[in-house]
*Asks:* 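Please read through the structure below; I'll follow up with questions.
Computed over heavy atoms, backbone and side chain alike; hydrogens, waters and symmetry mates excluded.
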Amino acid sequence: APPPVEEQQWNQDMTNILNQHSVALQQINQSLQQINATLLQIQQQQEQLQPPGNMTNASRRLHNNKPGALLLPLYSAGGQLPPAFPANEEELLALDVPALNALLTFYQLPVQGNRHTKALRLQRF
């Protein structure tokens, strides 16, 4: 004997509800996948923007401003460190014009002026 009409209707209603929930869960899953992909992209962009190592330029500048501190080179806008950097303020102020020009160019600073002006510009940077 076939099931009563009420049971057939109940089964149909439950099937419809389950199908609706299944569609909703698939949509939520797709949304979560898109969010995860976006978060991964943001994380990768942040990693590209942050300089390597554990010190940012701000913390390096604070360190470099301490009297007698050994100088830590700053990162360029591209996250690179210069190939050569003076160890202390005396060495910085004693750099010759080609070395000053190389560092000023590396940090995308103007290279105009005499040796003293260039050294001060780099020191202030």
*Asks:* Could you tell me which residues satisfy side-chain hydrogen bond (donor to acceptor under 3.5 Å, both in side chains) with D13, sequence neighbours excluded, listed by chain and number?
*Replies:* Q9
*Asks:* Has R121 got a side-chain atom pairing as donor or acceptor with L109's backbone, closer than 3.5 angstrom?
*Replies:* no
*Asks:* Is there any side chain to side chain donor-acceptor pair (under 3.5 Å) pair reaching into residues 96-115, and which pairs are they, with sequence neighbours excluded?
*Replies:* N101-K118, N114-T117
*Asks:* Please output the side-chain donor-acceptor pairs of residues 85-93 that fall under 3.5 Å, not counting sequence neighbours, one pair per line with the distance.
*Replies:*
residue : atom : partner : partner atom : Å
N88     : OD1  : E90     : N            : 3.1
N88     : OD1  : E91     : N            : 2.8
E89     : OE2  : Q123    : NE2          : 2.2
E91     : OE1  : A87     : N            : 3.0

*Asks:* Using side-chain heavy atoms (C-beta onward) and a distance below 4.5 Å, is V111 in contact with L100?
*Replies:*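 When only atoms from C-beta onward are counted, L100 and V111 do not touch, as no gap falls below 4.5 Å.
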*Asks:* Indicate the atoms forming the closest heavy-atom contact of L74 with L81, along with that distance.
*Replies:*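 Residues L74 and L81, closest heavy atoms: O-CD2, 3.7 Å.
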*Asks:* Other hydrophobic cluster members with M14, side-chain heavy atoms of Ile/Leu/Val/Met/Phe/Trp/Tyr under 4.5 Å, chained?
*Replies:*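 Members other than M14 - counting any ILVMFWY side chain reachable under 4.5 Å - are W10, I17.
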*Asks:* Could you pull out all residues at least two apart from N65 that satisfy side-chain hydrogen bond (donor to acceptor under 3.5 Å, both in side chains)?
*Replies:*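 None.
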*Asks:* Please report the shortest heavy-atom distance between F106 and Q80, naming the atom on each side.
*Replies:*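 Nearest pair, atom of F106 first, then Q80: CZ-O, 3.4 Å.
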*Asks:* Can a donor-acceptor pair be found between the side chains of Q20 and N16 at a distance below 3.5 Å?
*Replies:*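 No, because no side-chain N or O of Q20 sits under 3.5 Å from a partner of the opposite role on N16.
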*Asks:* Take N11 and Q8 through the test side chain to side chain contact (heavy atoms under 4.5 Å, CB included) and record every step on the way to the result.
*Replies:* CA-CA 5 Å; N11 286 340; Q8 288 178 351; 5.7 Å; no
*Asks:* Taking only residues two or more places apart in sequence, or in another chain, which ones meet A69 in a side-chain contact (heavy atoms from CB on, under 4.5 Å)?
*Replies:*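 A69 satisfies side-chain contact (heavy atoms from CB on, under 4.5 Å) with H63, K66 only.
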*Asks:* Under 3.5 Å, which donor-acceptor pairs link side chains of residues 22-42 to any protein atom two or more places apart or in another chain?
*Replies:*
residue : atom : partner : partner atom : Å
S31     : OG   : Q27     : O            : 3.1
N36     : ND2  : L32     : O            : 3.4
T38     : OG1  : Q34     : O            : 3.0

*Asks:* Measuring from atom CZ of F125 to atom CG of N57, what distance do you get when rounded to the nearest 0.5 angstrom?
*Replies:* 6.5 Å
*Asks:* Mind checking who shares a hydrophobic cluster with L18, ILVMFWY linked at side-chain heavy-atom distances under 4.5 Å?
*Replies:*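 Members alongside L18: none; it stands by itself.
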